[in-house]
Number of protein chains: 2
Amino acid sequence: MSDEQRQRQRLDISRHAVRLFAAQGVAGTSGEQIAQAAGVSERTFWRYFPHKESCVEPLLTKMVDAFCTVLHAWPPELELIDHLREAYTPVLDSSSDEDVDAVLSVVRLTHHEPALRAAYLMLRERAEDALADVLGPRLDLPADAIEVRVQAAAMSAVLRVATDDVAQASAEGVTKETLEGHREQMASAVSQVLRGLSQKR
Amino acid sequence: MSDEQRQRQRLDISRHAVRLFAAQGVAGTSGEQIAQAAGVSERTFWRYFPHKESCVEPLLTKMVDAFCTVLHAWPPELELIDHLREAYTPVLDSSSDEDVDAVLSVVRLTHHEPALRAAYLMLRERAEDALADVLGPRLDLPADAIEVRVQAAAMSAVLRVATDDVAQASAEGVTKETLEGHREQMASAVSQVLRGLSQKR
DNA sequence: ACATTTAGTGGCAGAGAGTGCCAACAATCG
DNA sequence: CGATTGTTGGCACTCTCTGCCACTAAATGT
C-alpha cells in the first residue's frame, strides 16, 4: 500500500476518533469503538496507531504542516508578521471547515485530557525542527545551532499560546473573525519575541 | 499520612524507577519491578503513580521547584541574568549529587523515550504558570494576561533548550564546569528572549 | 492463464497497565 | 478498651497493545 494511502487512512480514522473523544472523553472511548466507527478491525487499528492518544496526530499534523508550508514561503525581504497576514488566510480557507473545527476542538480537548495534551506537545516539539530549518538561514547559522534552536523554541511556544487562545475563543463555533483573530494573535505574539531576533541580526 | 511523608515516599520510588528506566528502558521495566525495588506492593505503587512514566515526576519537580524558588527571589532592581549568576549556584550545590545526576539522566533519557519526553513536557508546561506569576508583576499585568503567558512560554521554552543542551553535555559525568555552563547557558538564552521583554516595559 | 511471491488484514491468545473492591492492619480519639 | 479513620496488600477484572498465524488479494514471473 502506498504511503499516501496509508496517510489518508490514518487521517480518516483520526477524524472518527476525535469525534468520539469529544463526545465521550478519551478514557470513555475504547480502541474497539474507534476501529468500529472507522470500519476496520481492532487489530488493524492498533497497527495504524501505536497508542490511543496518537489518533489526534494526523489531524494536528495537517494543521502544523500547513503552517510550516506558509513559513517556508516566507520571502527574505518581508517581515514575518506581514507575510503571515498575506499568506496565511488562503491556507485556512483551502482546508475543509470540518477539519478546522476538528483541529480546534482537539486543542480545546487537550485542556481537560492530559494524554491528548502530551501528544499535542510532542507534536509541536517535532515541528520546532521545521521552524529551525527556516530560521537557520535567516540567522546565517546551521539549523542545529543553539541560537537557532532557542529562537525556534521560543517562537513555537508563543505560537502554542496563541493557538490555545484562539481555540478557547472559538468554543462556540468558528467564525471568519475568529480565524482572522487567530492570524493576528499569532502575528503579534511572534513579533513580540522576534524583537530579540531582529536585534541579533 | 502527612502530605510531606507521601512526597518523600514518591520521591524515593522515583529514584528507583529512574535507575531502572536508565538501565533497561521504560518498556523493559514493569510496574511490578519498580514496586519491588522500592519495597512496596504493586497495588500501592499504582496508588502513588497513576502511570508508569509519571515516576519521573517527583525528581523533575524537585529541579523545577528549585529554579522557581530562585526566580521568586528575583529582586526588581536586578537584571535576571545577574540574579541567576548570583543565586543559582548555591541551589545546585545544596541538592545531593545523586539527585542532580538522576535529573540529568532523566532529561537525557527523554530523548530516546517518548513517554518520558511527554511527561517532561507536561511538567514544564505546569511550571509556566509559576513563571507567569513572577513575570506578571514585572510587566504590571495579571499573570493570566496574554502578554504575560506569551513571555512565560517563550522563557520556559528557551530554558528547556538550555537544559537539554547541558544534559547532553554532561553525558559523561557531571563536573563543576558543566553546571556553571548550565547556569550561563540559561542566563544567555533567557537574555536572548528577554530583549523583547525589556522593550515591552 | 497459472503458479508464486508479496503485503495488508483479521482473529486469537496473552502480557502488561491500571482500577475497584474488600479484608487486614495500624494509628488516633473518646 | 472499643470505635473510627486511613493506609496497605491481595485478588479479580478490564483495557491497551503485541506476537503469531491463517486468509485474501494484488503484483509478478514463466
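Fair warning: this is a prediction, and the values are worked out from it, not measured in the lab. First the proteins, then the strands, lettered A, B, ... as listed; each starts at 1.
Of the residues in residues 38-47 of chain A, those with a non-hydrogen atom less than 4.0 angstrom from any atom of DNA chain D are A:R43, A:W46. Within residues 18-33 of chain B, no residue places a heavy atom under 4.0 Å from DNA chain D.
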Exercise for the section: Begin from the C-alpha positions of B:Y48 and B:R6 and carry the test side-chain contact (heavy atoms from CB on, under 4.5 Å) through to its verdict. Expected result: CA-CA 8 Å; B:Y48 275 82; B:R6 187 182 172 81; 3.8 Å; yes
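Contact annotation: the side chain of B:Y120 never approaches that of B:V56 to less than 4.5 Å [non-hydrogen atoms, C-beta and beyond]. The shortest distance between side-chain heavy atoms of A:R126 and A:L123 falls below 4.5 Å. The shortest side-chain heavy-atom distance between B:R149 and A:D165 falls under the 4.5 Å cut-off.
Between A:H51 and D:dT16 there is no side-chain polar atom (N or O) within less than 4.0 angstrom of OP1 or OP2. Neither OP1 nor OP2 of D:dT7 sits under 4.0 Å from any side-chain N or O of B:Y48.
Separating the CD atom of A:E53 from the P atom of C:dG18 is a distance of 10 Å, rounded to the nearest angstrom. Atoms NZ (B:K52) and P (D:dT16) sit 17 Å apart, rounded to a whole Å. For the pair A:Q7 CD and C:dG8 P, the computed distance is 13 Å after rounding to whole Å. Residue A:F49 contributes atom CZ, which lies 12 Å from atom P of C:dT9 at whole-angstrom precision.
Nearest to the side chain of B:Q9, among C:dT9, D:dC17, D:dT8, sits D:dT8.
Judged by distance alone, the side chain of A:S105 and the main-chain N or O of A:A102 form a donor-acceptor pair under 3.5 Å.
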Return all side-chain donor-acceptor pairs below 3.5 angstrom for residues 62-70 of chain A, not counting sequence neighbours, or 'none' if the list is empty.
from: A:K62; atom 1: NZ; to: A:D99; atom 2: OD2; distance (Å): 2.7
from: A:T69; atom 1: OG1; to: A:D65; atom 2: O; distance (Å): 2.8

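Looking at every heavy atom in both residues, A:S95 comes nearest to A:V100 through OG-CG2, 3.8 Å. B:A17 and B:C55 get closest at one heavy-atom pair: CB-CB, 3.5 Å.
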